[in-house]
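When a residue number appears, it is its place in the shown sequence, counting from 1. Order of appearance sets the numbers: ligands from 1, and atoms from 1 within every ligand.
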Amino acid sequence: MSSSRVDLKVVLLGKEYGGKTSLVERYLHDRFNADLPYQNTIGAAYGARRVKVGEHTVTMGIWDTAGSERYEAMSRIYYRGAKAAIVCYDLTDSSSFDRAKFWVNELRQHEEKCKIYLCGTKQDLVDGDLKKHRSVDYYNTTDFADEINARVFETSSKTGNNVRELFYKVAEDFCNDPTNFQKQDDSTLHIYDEPQGKSCMC
Ligand SMILES: Nc1nc2c(ncn2[C@@H]2O[C@H](COP(=O)(O)OP(=O)(O)OP(=O)(O)O)[C@@H](O)[C@H]2O)c(=O)[nH]1
């Protein structure tokens with residue numbers, strides 16, 4: 001197994017049952033299994049992927065944190081040093097958007113340089129005839145995004161809609177910021193870079 005530097009640490013934050021693990025599973029392994037019973041993340045899970053953006057190839061290290069408030073203190077550890085945070089909320093659960101605001105506030109206070117992406121999950125459940133299930137208004141999310149200088153994506157891990165686009169945008173924004181390509185010191189994290197399964201770091 002080869003080891004490689006992680007250029008871009010990305011953390012996923014949000015309420016439990018909000019769809020974070022499914023989003024990472026869809027992105028890293030292109031799979032979604034609706035028949036599997038829900039299993040809450042304990043601690044956090046890690047996966048990595050190389051992404052090519054123009055002339056750059058960056059290794060994205062993705063931390064999927066536990067949404068349960070029981071693990072809140074631990075989730076704080078995982079956003080340290082993150083260049084990007086994907087703050088997820090479930091489009092069928094308005095309280096999950098309140099929780100997303102909580103995480104945005106945390107990031108703004110403690111990790112100022114971390115770029116924030118708001119991600120409304122389970123978009124397939126509020127699409128077309130299923131619109132009545134939508135509990136988070138799109139324009140509320142874009143207004144909030146404007147306030148905090150973030151982008152909004154609505155994704156479905158079931159259909160794959162917008163998932164690659166979201167992660168590509170994270171990588172692209174990173175590559176478009178020249179300060180990210182200044183010489184790094186020896187404290188850079190080195191880890192294995194192949195896509196990895198869900199692991200518990202409890
Ligand atoms: N229909 C639909 N269901 C989804 C989607 N994403 C997630 N789910 C379902 O929502 C439930 C919770 O998803 P998870 O990805 O485990 O949520 P999580 O945010 O990782 O949860 P925690 O680990 O508790 O923080 C699971 O039963 C998923 O199958 C989606 O895009 N569409």
Enquirer: What do you reckon, does Asn40 have a nitrogen or oxygen under 3.5 Å from a nitrogen or oxygen of ligand 1?
Expert: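 No.
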Enquirer: Is there a donor-acceptor pair closer than 3.5 Å between any side-chain N or O of Arg76 and the backbone N or O of Glu106?
Expert: no
Enquirer: Any nitrogen or oxygen of Ser22 lying under 3.5 Å from a nitrogen or oxygen in ligand 1? Just yes or no.
Expert: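 Such a contact does occur with ligand 1.
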Enquirer: Only heavy atoms count here, so choose which of Thr21, Leu130, Thr41 is nearest to atom 20 (O) of ligand 1.
Expert: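 Comparing heavy atoms across Thr21, Leu130, Thr41, the nearest one to atom 20 (O) of ligand 1 lies in Thr21.
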Enquirer: Quick check: does Leu23 get an N/O under 3.5 Å from an N/O on ligand 1?
Expert: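 No, since none of the N or O atoms of Leu23 sits under 3.5 Å from an N or O of ligand 1.
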Enquirer: Please answer whether the main-chain N or O of Trp103 pairs with a side-chain N or O of Lys101 as donor and acceptor at a distance below 3.5 Å.
Expert: no
Enquirer: Can you measure from NE2 (His56) to SG (Cys175) and round to the nearest 0.5 angstrom?
Expert: 5.5 Å
Enquirer: Less than 3.5 Å apart, any donor N or O on the side chain of Tyr117 or Asp173 sitting next to an acceptor on the other?
Expert: yes
Enquirer: Below the 3.5 angstrom mark, is there an N/O of Ser68, backbone or side chain, next to an N/O of ligand 1?
Expert: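 Among all N and O atoms of Ser68, none is under 3.5 Å from an N or O of ligand 1.
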Enquirer: Output the list of atoms in ligand 1 that are nearer than 4.0 Å to some heavy atom of Gly18, sorted by atom number.
Expert: 17 (O), 18 (P), 19 (O)
Enquirer: Does an N or O from Asp124, backbone or side chain, lie closer than 3.5 Å to an N or O of ligand 1?
Expert: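 N/O-N/O distance below 3.5 Å exists for this pair.
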Enquirer: Determine whether Leu23 and Val163 make a side-chain contact, defined as any pair of heavy atoms from C-beta on separated by less than 4.5 Å.
Expert: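 Yes, side chains in contact.
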Enquirer: Cation over ring, Arg49 on Phe167, under 6.0 Å and within 45°?
Expert: no
Enquirer: Any N/O of Tyr38 closer than 3.5 Å to an N/O of ligand 1?
Expert: yes
Enquirer: Could you give me the CA-CA distance, side-chain angles and deciding distance for Asp90 and Lys15, then say whether salt bridge (charged side-chain N to carboxylate O under 4.0 Å, His left out) is met?
Expert: CA-CA 8 Å; Asp90 176 343; Lys15 190 181 167 183; over 6 Å; no
Enquirer: Does any N or O of ligand 1 fall below 3.5 Å from an N or O anywhere on Asn33, backbone included?
Expert: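 No: no nitrogen or oxygen of Asn33 is under 3.5 Å from one in ligand 1.
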Enquirer: If only atom types and distance count, is the side chain of Ser135 paired as donor or acceptor with the main-chain N or O of Thr92 below 3.5 Å?
Expert: yes
Enquirer: List every atom of ligand 1 that sits less than 4.0 Å from any heavy atom of Lys158, numbering the atoms from 1 in the order shown and giving each element.
Expert: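 Matching atoms, with element in brackets: 1 (N), 30 (C), 31 (O), 32 (N).
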Enquirer: Strictly under 4.0 Å, does any heavy atom of Leu125 approach an atom of ligand 1?
Expert: yes
Enquirer: Is Lys20 close to ligand 1, meaning an N/O of one under 3.5 Å from an N/O of the other?
Expert: yes
Enquirer: May I ask you to list the atoms of ligand 1 that are less than 4.0 angstrom from any heavy atom of Gly67?
Expert: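 Those of ligand 1 that fall under 4.0 Å from Gly67 are 22 (P), 25 (O).
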Enquirer: Show me which atoms of ligand 1 lie under 4.0 Å from any heavy atom of Gly19.
Expert: 7 (C), 13 (O), 14 (P), 15 (O), 17 (O), 18 (P), 19 (O)
Enquirer: Is Arg99 salt-bridged to Glu72, going by a charged N under 4.0 Å from an acidic O?
Expert: yes
Enquirer: Can we call the ring centroids of Tyr89 and Phe144 under 6.0 Å apart?
Expert: no
Enquirer: Does ligand 1 have an atom under 4.0 Å from some heavy atom of Ala34?
Expert: no
Enquirer: Which atoms of ligand 1 are found less than 4.0 Å from any heavy atom of Ser156?
Expert: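 Going through ligand 1 atom by atom, the ones under 4.0 Å from Ser156 are 31 (O).
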